[in-house]
Amino acid sequence: MARAAVVREFGAPMELTEIRVQPPRSGEVLVRIAASGVCGSDLKALDGHSPVAGQPPLVLGHESAGVVAEVGPGVTSVRPGDHVVIAMNGPCGRCRNCSRGRVHLCSGRARLNAITGLMGDGTTRLSVDGVPARPMIGIGSFAEYAVVGEAACVKVRAEAPLDLLALTACAVVTGVGAVLNTARVEMGSSVLVVGCGGVGLNVIQGAVLAGATTIIAADVVPAKLALAEEFGATHTLLADDLPAQVGEIVRGGTDYAFDVTGNVDVLARTFAATQPGGTTVMVGSPPAGRPLPVPPQALFASRRLMGTQGGDAVPRRDLPLLADLHRRGRLNLEGLVSERVPLDKINDAIAHVRSGAVARSVIVFD
Ligand SMILES: [Zn+2]
Ligand SMILES: [Zn+2]
């Protein structure tokens, strides 16, 4: 049994209750969760708007780290006692996309099942009051224990702070990965980042790591701009008329732009703030069904408009790198944490994230 926050119905507060967790099966790992960040995607799922969450009962949470408690048959890369970050993507390593090095697009069966909240064999290890419960993207870290696929477990040093490294699994790898993996920003570039929440701040620090020399942060909340400066923004804008505001700083627009708002109108203005040859990455996920108001002629000037799959990460390459950058003082994780709360207070944390008052709320377990 494990204490967990369970979604019983969409739109209602999560219920703190005991769930039954079956032992890990072949290729699976039982992890005692140490910390789990609260992400906008959790809110989306809680509201019933997520394409990656099935019907309740559900256990949300996908930005986590913990300690291996037990391993199933055939697991060789981790053992009990190992400290791990739980990656959002546990690539199979064998499908066509993995074979071509596009592991962020793994199309193996385990990956596809995980997206719908099931284990590789299409079942779940969780139940609440005898009813099967699905863990969000095969993780479900708003619980004391989670059973995850071996490929999602990325071992980290035992002395590394798990409450901070948890954030690397989603917000950090998405933001930094969008810069380094997706856009491949070059040294000396100018970069525009629109939306300075938990992910946007990581786009900013990704741009710093890439050697961008002009980093313009835009948001509609002044407090977020102050935080953006701490993370390395060279200019900040209270977003109003983006292309014109950006043009005053970099004539003709920036080399790169990242929209982290998930709003198609903002994305269109972000795109319009890039110069010919510029690249725009859609990092936030807009609601389905809204067309993107971008004039096709703008693409003639060799502009690129791209999506990213969670920073196009290769978990076992990128998560240890992020942990190492943090250890060397080159990646700010502590500054992302607005509050640490126990699981019992998770509905308060959800409310804080919803209000936009925090960069990241982190659920910490004893
Ligand atoms: Zn997330
Ligand atoms: Zn694969």
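As the structure lists them, so they are numbered: ligands from 1, and atoms in each ligand from 1.
Between V67 and V84 there is no side-chain heavy-atom pair separated by less than 4.5 Å. Here the side chains of V191 and F258 are in contact, with some heavy-atom distance below 4.5 Å.
Of all protein N, O or S atoms, those under 2.8 Å from the Zn ion (ligand 2) number 4.
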Exercise. Do Q205 and L331 pass the side-chain contact (heavy atoms from CB on, under 4.5 Å) test, and can you show the C-alpha distance, the side-chain angles, and the key distance before you say yes or no?
Worked result: CA-CA 7 Å; Q205 60 179 345; L331 192 72; 3.6 Å; yes
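Nearest heavy-atom pair, L192 versus A218, reported as atom, atom and distance to 0.1 Å: CD1-CB, 4.5 Å.
Within a radius of less than 2.8 Å around the Zn ion (ligand 1), the protein N, O or S atoms are C39 SG, H62 NE2, C170 SG.
V314 shares a hydrophobic cluster with V103; the chain of contacts runs through ILVMFWY side chains whose heavy atoms sit under 4.5 Å apart.
Salt bridge status for R32 with E144: absent, with no side-chain N to carboxylate O gap under 4.0 Å.
One hydrophobic cluster, built from ILVMFWY side chains closer than 4.5 Å, holds both L60 and I33. By the criterion of side-chain heavy atoms lying less than 4.5 angstrom apart, applied directly or through intervening Ile, Leu, Val, Met, Phe, Trp or Tyr residues, I346 is grouped together with I139 in one hydrophobic cluster.
For residues 212-233, no residue pair satisfies the side-chain hydrogen bond (donor to acceptor under 3.5 Å, both in side chains) rule, not counting sequence neighbours.
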